[in-house]
Amino acid sequence: MNNWQIPPSVLRHLDEAPTDRPVVVLLRHSVREDLAPDDVGYDLPITEIGRRLAVELGALLHGRLRTLHTSPLARCVQTAGAIAEGAGADLRIVPSRLLGDPGVFVLDGKLAWKNWQELGHEGVMQHLVTNNTALPGMAQPDQAARFLVQSMLATAADEPGIHIFVTHDLLVTATAASMLGRPLRVDDWPEFLEAAFFWRTDEGVHAAYRDYTSIQEGAFVCELSACDST
C-alpha cells in the first residue's frame with residue numbers, strides 16, 4: 001500500500017516561490033487508481049485519499065491562490081475542485097485542452113495515438129524528454145513546452161500569487177525537461193500532485209522542478225509551428 005503524501009518538492013517550492021509576482025504551477029493531478037492496459041482512463045476519478053491530499057494542498061495555498069485551470073479530464077477537474085475547496089477560494093475552474101484531451105504536445109489525436117500503441121506511455125514520455133524531434137501527430141517537444149509556459153504566464157498576467165494548472169504526468173515531465181534543458185530520468189517523473197514552477201523576472205523565465213532549477217534568459221515567443229528566442 002502506498003503512503004501517499006504531497007510531494008516534498010512541492011512544499012519546498014511553494015515556500016521558496018516569490019510572492020511579488022505571478023508564479024504558475026504545472027501540477028500533476030491527485031491520486032487515482034492504476035490504469036488498465038491500453039486505457040487512458042478518461043473517466044477514471046481521483047481516489048478519496050487523492051481528494052483529501054488535494055484539499056490539504058489547497059489549504060496551504062489559502063490567500064495565495066489566484067486562478068485554477070485544468071485539463072478537461074475528470075481526475076484533473078476533481079483535483080482542481082478539491083484544491084479550491086481547501087483554499088477556501090471561490091474561483092472559476094477553467095478547462096483548457098492545452099492541458100489534456102489532447103494536450104499541447106498532441107496535434108493530431110488519431111495519428112498520435114499510434115505512438116502510444118507502438119511505444120507505450122513510458123516510451124512516448126522517454127522520447128519527449130530525450131529527443132527533440134516530433135513524433136507523428138505530435139508537436140516538436142521544445143516548441144510545445146515553450147508554447148505552454150508562454151500561455152500560462154500570459155494567463156497569469158500581472159497578478160502576483162499562485163496560478164495552478166492541473167494536468168497529466170506527460171505534460172509536467174516534458175515541459176520541465178525542456179525548460180530545464182535536461183533529460184529527466186524515469187526516477188524524476190512526477191508523482192501525484194508533483195509540479196513544475198515557472199515565473200518571470202528581468203533575468204528571464206525561471207523554472208523549478210524537484211532539485212533542478214534554471215533560467216532561460218530573455219523573453220521568448222513561441223507558436224507550435226515555430227519557436228524563436230528573442
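Everything numeric here is computed off the predicted structure, so don't read it as measured data.
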Self-check item: Heavy-atom side-chain contact between D142 and Q140 under 4.5 Å
Solution: yes

Self-check item: Distance in Å, L68 CG paired with L61 CG, rounded so as to fall on 0.5 Å steps
Solution: 8.5 Å

Self-check item: Side chain to side chain, I162 and L14, heavy atoms closer than 4.5 Å
Solution: yes

Practice problem: Check whether any side-chain heavy atom of V124 sits under 4.5 Å from a side-chain heavy atom of L170, and report yes or no. | Solution: yes

Quiz prompt | I6 reachable from V172 in the ILVMFWY side-chain graph, under 4.5 Å edges | solution = no

Quiz item: For Q126 and W189, what are the C-alpha separation, side-chain angles and deciding distance, and is it a side chain to side chain contact (heavy atoms under 4.5 Å, CB included)?
Solution: CA-CA 10 Å; Q126 191 69 40; W189 294 358; 3.5 Å; yes

Practice problem: Determine yes or no for a side-chain-to-main-chain donor-acceptor pair under 3.5 angstrom, with S30 supplying the side chain and T79 the backbone. | Solution: no

Self-check item: Working for side chain to side chain contact (heavy atoms under 4.5 Å, CB included), residues E191 and D169
Solution: CA-CA 8 Å; E191 302 290 342; D169 58 349; over 6 Å; no

Quiz prompt | Non-hydrogen side-chain atoms of V25 and F165 separated by less than 4.5 Å | solution = no

Quiz item: Does some side-chain heavy atom of P22 sit less than 4.5 Å from a side-chain heavy atom of R66?
Solution: no

Quiz item: Measuring from R52:CZ to L57:CG, what's the distance to the nearest 0.5 Å?
Solution: 15.0 Å

Quiz item: So how far is it from I46 CD1 to L53 CG, rounded to the nearest 0.5 Å?
Solution: 9.0 Å

Exercise. Please round to the nearest 0.5 Å and tell me the distance separating atom CZ of F147 and atom CE of M152.
Key: 11.5 Å

Quiz item: Around atom CD of E122, are there more than 12 heavy atoms of other residues, nucleotides or ligands at under 6.0 Å?
Solution: no

Quiz item: Measuring from R200:CZ to Q216:CD, what's the distance to the nearest 0.5 Å?
Solution: 10.5 Å

Practice problem: Check the hydrophobic clustering (I, L, V, M, F, W, Y; side-chain heavy atoms under 4.5 Å; chains of links allowed) and say if L60 and F192 are grouped together. | Solution: yes

Quiz item: Quick one: are L65 and I164 in side-chain contact, heavy atoms under 4.5 Å?
Solution: yes

Practice problem: Taking the side chain as every heavy atom from C-beta outward, state whether L184 and R182 have any atom pair closer than 4.5 Å. | Solution: yes

Exercise. Output, in order, the C-alpha distance, side-chain angles, deciding distance and verdict of side chain to side chain donor-acceptor pair (under 3.5 Å) for D188 and Y209.
Key: CA-CA 9 Å; D188 289 323; Y209 175 74; over 6 Å; no

Quiz prompt | side chain to side chain contact (heavy atoms under 4.5 Å, CB included) between F105 and L171, worked out | solution = CA-CA 8 Å; F105 290 90; L171 277 86; 4.1 Å; yes

Practice problem: Evaluate side chain to side chain donor-acceptor pair (under 3.5 Å) for H69 paired with S96, printing each intermediate quantity in order. | Solution: CA-CA 7 Å; H69 307 262; S96 170; over 6 Å; no

Exercise. Look only at the side chain of N115 and the backbone of A112, and say whether a donor-acceptor pair between them is shorter than 3.5 Å.
Key: yes

Quiz prompt | Minimum heavy-atom distance A156-V24, with the two atoms named | solution = CB-CG1, 3.8 Å

Quiz item: Among Q78, E56, E85, which one satisfies side chain to side chain donor-acceptor pair (under 3.5 Å) with R51?
Solution: E85

Self-check item: Test log, rule side chain to side chain donor-acceptor pair (under 3.5 Å), inputs T201 and H206
Solution: CA-CA 8 Å; T201 69; H206 295 243; 2.7 Å; yes

Practice problem: Taking T70 for its side chain and P72 for its backbone only, find out whether a donor-acceptor pair lies under 3.5 Å. | Solution: no

Quiz item: Which atom pair, heavy atoms only, marks the closest approach of R32 to P45?
Solution: CB-O, 3.6 Å

Self-check item: For A54 against A82, the heavy-atom pair lying closest together
Solution: CB-CB, 3.5 Å

Quiz item: Does one hydrophobic cluster hold both L27 and I49, with members joined at side-chain heavy-atom distances below 4.5 Å?
Solution: yes

Exercise. Determine whether V94 and T155 make a side-chain contact, defined as any pair of heavy atoms from C-beta on separated by less than 4.5 Å.
Key: no

Quiz item: Under the 3.5 angstrom rule, does the side chain of E194 hit a backbone N or O of V10 as a donor-acceptor pair?
Solution: no

Quiz item: What is the minimum heavy-atom distance between V166 and A80, and which atoms define it?
Solution: CG2-CB, 4.1 Å

Quiz prompt | Electrostatic pair R12-D211, nearest N-O below 4.0 angstrom | solution = yes

Practice problem: Give the cluster check for L128 versus W116: same hydrophobic cluster or not, with ILVMFWY residues linked at side-chain heavy-atom distances below 4.5 Å. | Solution: yes

Quiz item: Of the non-hydrogen atoms in L180 and S214, which two are nearest, and what is the gap between them?
Solution: CA-OG, 3.5 Å

Practice problem: Show your working on side chain to side chain contact (heavy atoms under 4.5 Å, CB included) between V205 and I215 and close with a plain yes or no. | Solution: CA-CA 5 Å; V205 176; I215 303 174; over 6 Å; no

Exercise. Give a yes or no on whether W113 and V104 share a hydrophobic cluster (residues Ile, Leu, Val, Met, Phe, Trp, Tyr; joining criterion: side-chain heavy atoms under 4.5 Å apart).
Key: yes

Exercise. Compute the centroid of each ring, for H168 and then for H29, and state whether the two points are separated by less than 6.0 Å.
Key: yes

Quiz item: Within the distance-only criterion (no hydrogens, no angle test), does the side chain of H13 pair as donor or acceptor with the backbone N or O of R210 below 3.5 angstrom?
Solution: yes

Self-check item: Approximate separation, where rounding is to 0.5 Å, of M138 CE and K114 NZ
Solution: 14.5 Å

Quiz item: If only atom types and distance count, is the side chain of R28 paired as donor or acceptor with the main-chain N or O of A195 below 3.5 Å?
Solution: no

Practice problem: State whether the side chain of T167 and the backbone N or O of L99 hold a donor-acceptor pair below 3.5 Å, judged by distance alone. | Solution: yes

